[in-house]
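Down below is the structure, laid out as structure tokens.
So that the names make sense, note that chain A is the first sequence line, chain B the second, and so on, each numbered from 1. We use all heavy atoms of the structure for the numbers below, so side chains are in, but hydrogens, waters and symmetry mates are not. All of these numbers come straight from a predicted model, not from anything done at the bench.
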There are 2 protein chains.
Amino acid sequence: MADPAIQIGELSRRTGCNIETIRYYERIGLMPAPPRRGRYRSYGSQDVGRLGFVRRARELGFTLDEVRALLGLAGGGPASCAEVRTLAASHLTDVRARIADLKRMERVLADSVQACDAGEDPGCPLIQSLYADRGPS
Amino acid sequence: MADPAIQIGELSRRTGCNIETIRYYERIGLMPAPPRRGRYRSYGSQDVGRLGFVRRARELGFTLDEVRALLGLAGGGPASCAEVRTLAASHLTDVRARIADLKRMERVLADSVQACDAGEDPGCPLIQSLYADRGPS
DNA sequence: TATGCCATCTGTAGCGGCTACAGACTCAAG
DNA sequence: CTTGAGTCTGTAGCCGCTACAGATGGCATA
């Protein structure tokens with residue numbers, strides 16, 4: 001298979017990743033510094049693959065450090081697979097915790113908006129509830 | 001009622017808000033600069049109330065700009081209440097969108113971990129799915 | 001009075017994960 | 001030869017804190 005060299009703009013188009021972000025990933029060592037044609041960065045299909053991987057991992061909410069780890073583990077046999085699983089499972093726990101947090105917020109907000117709609121209270125129910133002292137921590 | 005002056009440490013304890021954060025809120029104009037006893041900031045019960053308000057609004061996920069707006073609307077009659085409602089409703093929409101995002105992540109992650117457990121696949125299912133090209137954007 | 005020791009002070013820099021410039025250059029087409 | 005799009009480097013900004021360093025303040029104890 002041919003591997004035609006592409007420039008950063010094309011890489012950006014193919015992966016949906018911002019040009020500035022690509023250069024940022026290079027700066028922080030998440031993407032390797034590609035060879036240059038003249039002054040311009042010259043990418044190949046491997047870069048498209050790797051950057052796509054990064055983007056998809058980011059969409060799943062992995063931090064850049066986690067993505068780095070995943071990249072290191074990619075293609076490393078069954079032992080690596082177990083490590084990947086651990087990483088994913090712990091990230092999943094995170095995600096679920098964040099969902100739980102947001103649901104708590106959602107409930108309170110929805111209640112407040114409702115109280116507002118139903119409201120014959122003297123004063124705004126949401127403001128009132130924000131002023132209500134439930135003590136520290 | 002007396003309004004005994006308290007120092008920043010006590011304000012922190014009463015509100016559960018970090019000392020550095022209190023000073024930060026002052027710098028950005030979210031909390032007023034209090035009078036000083038000597039060089040030390042001297043707070044009263046109003047400050048405890050206001051900071052508690054801020055903290056609770058933050059816990060509901062309002063941005064600092066939104067909190068600023070809410071503070072401006074607090075205690076402003078029924079017209080303000082409508083504005084507060086609008087703000088809260090739009091924030092609620094945000095929160096719901098974030099929940100939806102996270103749930104999408106959760107599903108994919110949970111599936112991947114499961115595939116990993118069930119796995120007799122050649123190669124790590126999660127890694128594979130991250131490499132799978134679903135095209136740009 | 002000297003000595004700790006904690007609380008507080010100011011100022012600045014760092015985190016993550018980008019994003020947004022400014023100002024220079026390269027390169028192909030018209 | 002000029003124009004325009006693409007790319008380059010470098011730096012600074014965003015949010016919402018958090019974490020220092022290094023100087024004071026004020027109180028209790030020896």
Round to a whole Å and report the spacing from CG of Leu64(A) to P of dC15(C). 13 Å
Has Arg58(A) got a side-chain N or O lying under 4.0 Å from the OP1 or OP2 atom of dC18(C)? yes
Rounded distance (Å) that lies between atom C1' of dT8(C) and atom CD1 of Ile22(B): 12 Å
Whether over 12 other heavy atoms sit under 6.0 Å from Arg36(A) CZ: yes
Base, sugar-phosphate, or nothing: which does Gly38(B) touch, judged by heavy atoms less than 4.0 Å apart? nothing
Check every strand shown and say whether Ile19(A) touches a base, only sugar-phosphate, or nothing at a heavy-atom separation below 4.0 Å. sugar-phosphate
From the set dT7(D), dC18(C), dC17(D), return the single nucleotide nearest to any side-chain atom of Gln7(A). dT7(D)
Would you indicate, yes or no, if dC18(C) has its OP1 or OP2 atom less than 4.0 angstrom from a side-chain nitrogen or oxygen of Tyr25(A)? yes
NZ/NE/NH1/NH2 to OD/OE distance under 4.0 Å, Glu10(B) and Arg13(B): yes
Distance, rounded to the nearest Å, where Glu10(A) contributes CD and dT7(D) contributes P: 9 Å
Phosphate-side-chain proximity, Asn18(A) and dT19(C), N/O vs OP1/OP2 below 4.0 Å: yes
For Glu26(A) and dG10(D), give me the distance from atom CD to atom C1', rounded to whole Å. 14 Å
Quick one: pull up CD1 in Ile28(B) and CG in Leu64(B) and give me the separation to the nearest 0.5 Å. 5.0 Å
Counting just side-chain N and O atoms, does Arg23(A) come under 4.0 Å of either OP1 or OP2 of dC8(D)? yes
SB check Glu20(B) Arg23(B) (cutoff 4.0 Å): yes
Is a donor-acceptor contact shorter than 3.5 angstrom present between the side chain of Tyr40(A) and the base of dG6(D)? yes
Nearest-Å distance for atom pair OH/P, residues Tyr24(B) and dT12(C): 17 Å
Just to confirm, is there a sub-4.0 Å distance from OP1 or OP2 of dT19(C) to any side-chain nitrogen or oxygen of Thr21(A)? yes
Whichever of Ser42(B) and Asp65(A) has its nearest DNA chain C nucleotide further upstream toward 5': Ser42(B)
For Arg37(A) and Thr63(A), find the nucleotide of DNA chain C closest to each by heavy atoms; which residue's nucleotide sits nearer the 5' end? Thr63(A)
Just how far, in rounded Å, is C1' of dG11(C) from CD1 of Ile28(B)? 17 Å
Using a cut-off of 6.0 Å, state whether more than 12 heavy atoms not belonging to Gln114(A) lie near its atom CD. no
Does dT8(C) have OP1 or OP2 sitting under 4.0 Å from an N or O in the side chain of Arg39(B)? no
Would you please confirm or rule out a distance under 4.0 Å between OP1 or OP2 of dG6(D) and any side-chain N or O of Arg13(A)? no
Go through dT12(C), dC18(C), dT10(C) for me and flag the one nearest to the Arg36(B) side chain. dT10(C)
OP1 or OP2 of dT7(D) under 4.0 Å from side-chain N/O of Arg41(A): no
d(CD, Glu20(B); P, dC15(C)) in whole Å: 17 Å
Check: Ser12(A) and Leu51(A) side chains under 4.5 Å, non-hydrogen atoms: no
Would you kindly give the CD1-to-C1' distance between Ile8(A) and dC25(C), to the nearest whole Å? 15 Å
